[in-house]
Amino acid sequence: MTSGNNAGVYTALLRRQLTLALRRPVQLLNPALFFAIVVVLFPLGLGPSPETLSLFAGGILWIVALLANMLGAETLFQSDYDDGSLDQLLIADQALYFLVMPYLLVHWMISGLVLALLSPLFALMLGLPPSGVLVLMASLALGSGVMSVLGAIGAALTVGLRRGGMLVAFLVTPFYMPVLIFGAGAVRAAVDGLAYGPYLALLGAMFSLALALGPAAVAAALRISADA
């Protein structure tokens with residue numbers, strides 16, 4: 001099969017995933033709604049003091065983004081597994097490495113990129129200083145890509161299990177921690193007037209590594225689940 005036909009298959013799969021996401025507005029809005037609800041509730045727990053909220057704003061937003069990303073990872077492959085579409089991917093002529101990329105891309109767009117674009121609004125709600133807003137957006141855009149890949153690996157390993165959501169959380173949470181540390185650290189450094197470039201560089205390196213190796217890990221996990 002020619003490379004042009006392969007590109008057509010990948011484009012069609014990407015279009016399909018986007019269409020399915022748009023046809024399920026609840027699933028599409030879930031990460032953003034979860035993000036908004038938790039951000040609104042945090043001042044009730046920490047108190048309304050602007051100084052307190054400003055101090056913890058970067059960490060709060062990053063923790064909520066992590067949880068929102070994990071929320072959508074559980075069902076990443078579940079519907080395709082239920083209707084048999086996943087079996088067709090596993091026996092397709094095209095490399096599974098490339099076939100899983102549209103899943104990762106759409107999940108990142110829904111649970112990562114959208115939250116990164118909305119984050120300035122929530123940052124202002126928590127009193128994050130303006131110096132940290134752009135760094136927050138950049139760190140969330142990069143870090144959420146890494147978390148989407150990690151979440152996809154966990155979802156692929158548990159796709160054949162009932163109620164595998166908790167297992168996904170146990171599997172991927174330890175690997176989320178470095179992303180959380182560097183992401184929140186970048187925002188904190190920007191607010192304190194320190195160099196935040198190294199944090200973003202590390203997140204960029206992690207994103208590049210996840211982009212290169214993640215699809216292979218997801219493909220292997222799907223084959224393991226199919227053989228189980």
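Residues Trp108 and Met147 are not in side-chain contact: their nearest non-hydrogen atoms beyond the backbone lie 4.5 Å or more apart. Taking 4.5 Å as the limit, every side-chain heavy atom of Ser148 sits out of range of all side-chain heavy atoms of Leu104. Between Leu13 and Met101 the shortest side-chain heavy-atom distance does not fall below 4.5 Å.
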List the atom pairs, with distances to 0.1 Å, where a side-chain N or O of residues 57-67 and a protein N or O form a donor-acceptor pair under 3.5 Å, not counting sequence neighbours.
residue	atom	partner	partner atom	Å
Trp62	NE1	Ser139	OG	3.2
Trp62	NE1	Gly183	O	3.4

Run the side-chain donor-acceptor check on residues 34-45: report pairs under 3.5 Å with partners two or more places apart or on a different chain.
none

Could you tabulate the donor-acceptor pairs under 3.5 Å formed by side-chain atoms of residues 121-137, not counting sequence neighbours?
none

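Both Tyr97 and Leu150 are part of a single hydrophobic cluster, where members link through side-chain heavy atoms under 4.5 Å apart. By the rule that hydrophobic residues join a cluster once side-chain heavy atoms approach within less than 4.5 Å of another member, Leu18 and Ile110 end up as members of one cluster. Cluster membership check: Leu76 shares its hydrophobic cluster with Phe98, using side-chain heavy-atom separations under 4.5 Å among Ile, Leu, Val, Met, Phe, Trp and Tyr. Under the 4.5 Å side-chain heavy-atom criterion for ILVMFWY residues, a single connected hydrophobic cluster contains both Leu140 and Met177. Cluster membership check: Leu213 does not share its hydrophobic cluster with Leu99, using side-chain heavy-atom separations under 4.5 Å among Ile, Leu, Val, Met, Phe, Trp and Tyr.
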| said: Working note: Tyr81 + Asp87, criterion side chain to side chain donor-acceptor pair (under 3.5 Å); need CA distance, chi angles, decisive distance, verdict. | reply: CA-CA 7 Å; Tyr81 176 82; Asp87 293 330; over 6 Å; no

| message | One pair to check against side-chain contact (heavy atoms from CB on, under 4.5 Å): Leu203 and Val146. What are the steps and the verdict? | response | CA-CA 8 Å; Leu203 286 174; Val146 180; 5.8 Å; no

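Summarising the geometry, atom CG belonging to Leu86 is positioned 10.5 Å from atom CD1 belonging to Ile91; distances are rounded to the nearest 0.5 Å. Note: Leu194 CG to Tyr199 OH = 7.5 Å, rounded to the nearest 0.5 Å. Remark: Leu117 CG to Met109 CE distance equals 10.0 Å, nearest 0.5 Å. Annotation: the span from Leu118 atom CG to Leu113 atom CG amounts to 9.5 Å, rounded to 0.5 Å.
The shortest heavy-atom contact between Leu89 and Leu96 is O-CD1, 3.9 Å. For the pair Pro215 and Ala210, the tightest heavy-atom approach, listed with the atom from each and the gap, is CD-O, 3.6 Å. Considering every non-hydrogen atom in both Ala116 and Ala141, the closest pair reads CB-N, 3.9 Å. Taking both residues in full, the closest heavy atoms of Asn69 and Ser144 are given as ND2-O, 3.6 Å, listed atom of the first, atom of the second, then distance. Of all heavy-atom pairs between Val179 and Met206, the closest is CG2-CE, 3.4 Å. The shortest heavy-atom contact between Val149 and Val218 is O-CG2, 4.3 Å.
The neighbour count for Tyr196 OH, taken as heavy atoms of other residues, nucleotides or ligands under 6.0 Å away, does not exceed 12.
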